[in-house]
K.L.:
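The structure follows.
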Amino acid sequence: MRAGRIPLWNPYQFSGTPFVANSQSAVFYPGNLLFYLIPDTARAFGYEALLHLAACGWFMFLFLRRLRCSEAAALLAESSSASRPGR
């Protein structure tokens, strides 16, 4: 990526595996841009987790407002869904 080329192939894993055709490598995932911009990997993971939690809460709020829930109900659901993702 630093050379300006998209990594299409990983020659170091098994006899070679595709990057772009493998959905788990997430080459084009927008959140992985943080790892390119922030050289400290641990800090980039922290920012990515914070970004996911903020997006979870924000989109839950927007979804519930779209369903015509009150602002108080949407804020309560936003805070509970963003504080306990995946549960």
K.L.:
Do N32 and E48 have side chains that get closer than 4.5 Å, going by heavy atoms?
P.N.:
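Touching, per the 4.5 Å side-chain cut-off.
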K.L.:
What's the shortest heavy-atom distance between C69 and A73, and which atoms?
P.N.:
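Answer, listing the atom of C69 first, then A73: CB-CB, 4.4 Å.
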K.L.:
Show me the donor-acceptor pairs within less than 3.5 Å that the side chains of residues 54-64 make with the rest of the protein, sequence neighbours left out.
P.N.:
none

K.L.:
Looking at residues at least two apart in the chain, or sitting in another chain, which of them share a side chain to side chain donor-acceptor pair (under 3.5 Å) with Y47?
P.N.:
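Y47 satisfies side chain to side chain donor-acceptor pair (under 3.5 Å) with no residue once adjacent residues are dropped.
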K.L.:
Please report the closest heavy-atom contact between R65 and E71, naming both atoms and the distance.
P.N.:
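Heavy atoms of R65 and E71 come nearest at NH1-N, 3.3 Å.
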K.L.:
Cut-off 3.5 Å, no hydrogens considered: what does the side-chain donor-acceptor table look like for residues 8-16, sequence neighbours left out?
P.N.:
from: N10; atom 1: OD1; to: Y12; atom 2: N; distance (Å): 3.1
from: Q13; atom 1: OE1; to: T17; atom 2: OG1; distance (Å): 3.1

K.L.:
So how far is it from F45 CZ to L50 CG, rounded to the nearest 0.5 Å?
P.N.:
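So the gap between those two atoms works out to 15.0 Å.
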